[in-house]
Structure formats: structure tokens, C-alpha cells
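Here, residue 1 is the first one in the sequence, and each next residue gets the next number. Numbering of ligands and ligand atoms starts at 1, following listing order.
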Amino acid sequence: MDYSLQEFGSQLDRMRSLGWQLVSLEQALAGNLSGDKNIAITIDDGHRTVYDAVVKVLLPREVPAELFVFPHALGRSLHYLKVGSLKQLMLKGMGVGAHGYYHLLMTPKAWARNPKSVMQEALRPADALLQMTGKSPTLFAYPYGIAAPEAEASVQAAGYLWGFLADGRLRSVDLTDPKLNHFAVPRTIVYRTGLKALFTYLKSAP
Ligand SMILES: [Zn+2]
């Protein structure tokens, strides 16, 4: 939502020209990577503009992405992807993960206020996505990128294999690190305001 299609495309091209490989998140999680300069693109929320971003920007460049969606919005709101569009994107090779059910907070405060709601955010998307897409998700991205420890435990108990946080910090993640908490894997959100810092980082990182 923050970039035009042209801007998004040129960002990806720039990453590649700096020597970074654009890999799928599933490939990265399987440890099926070469070298240290790998980026996995993830796109949260399933906004309707994701369809064109995939078809017009990612596919022509053969860049995979993981789409984290919350079932309550799919097909219900004009702002979000229709179920049929999401299925088409899966057929074109995009991964689909869960991003809560209603996109409610799963933070420590949310847990203290209403633990049942946090547990439902973890529990409900898998069945809904299975019914919508025919595939059960194994990856979970916490809405708003923040998770209480109990939320991490709920996501693990719901059968997911990995849970992803998100914030504005630039850092590399070693997914094979035995100390890495698989239910609190950091991701970097790239807003327009953070672009300059991102490319400075990508130029200097090993
Ligand atoms: Zn979100």
C-alpha cells in the first residue's frame, strides 16, 4: 500500500543488483540456501493490491513471497483479496500463512485483558484457510508483529511450525541458529520512511 508497482519492482531489482538473492520463506526455513545474502519477501494482510503486486512485479521477476492473511477479511471486505484471487496466487507459487483470524492484538496487554481472544487468533485461522484454499498453513505472523509469550505458546499449540514478529529494525536472522525461538522470528517491516536505511544496510551487510 505504501509503494507504486514500479517502485516495488525497482526495490527488488536493486536488492538483486547489490548481490542479494530473493528466496522463498519456505526455502529459507528449510535451510535450502546458498550464501549469506538472502532475502525472503513476506506480505501481510492480504490487501487487494497484493494481487497486482504478485502478478505484475513478483512473477515477471520470478520472486516468491509468503502472503500472511487473516481469514475474517478475505472475500468479506472490498479492501481485501477475494478467496478466488488468493487461490490463484497460491497456484502461481506464492505461500500462504496465517495472520490471526480477526487481526487482533496478541500482545502481553491483550493477553492480560482477554486471553481467550488471543487464543482464538491462534486457533481459528488454520481451519478457515484450509476450507478456503485447501491447504493448512504452517506459518503464522502475529498481527501488528508483537506477541506475548503466551501467544507464542498458543501458536505452537495450534500446530504451526514457525511464528513471525515484525518491527522496523534492520538485522539478519540465522534461521539455523539453535538458540532461535521458532515462535518469535524477527522480520523487518519496510515502510517508505525506512527505505534509505534499508539500502544502506543492504550495501554494507556481508
Ligand atoms: Zn497485519
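Looking at W111 and M106, their side chains never come closer than 4.5 Å, going by heavy atoms from C-beta outward. Counting only heavy atoms from C-beta outward, the side chains of Q11 and Y3 approach each other to under 4.5 Å. Side-chain contact between F164 and L25: present, with at least one pair of heavy atoms (C-beta onward) separated by less than 4.5 Å. Side-chain contact between L58 and L12 is present, with heavy atoms from C-beta onward closer than 4.5 Å.
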H103 and Y144: ring pair (Phe, Tyr, Trp, His ring centres under 6.0 Å), yes or no, with the steps?
CA-CA 8 Å; H103 203 285; Y144 307 99; 4.6 Å; yes
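Of the charged side-chain nitrogens involved, none lies within less than 4.0 Å of a carboxylate oxygen, so that K179 and D174 do not count as a salt-bridged pair.
Only protein atoms were considered; those of element N, O or S under 2.8 Å from the Zn ion (ligand 1) number 3.
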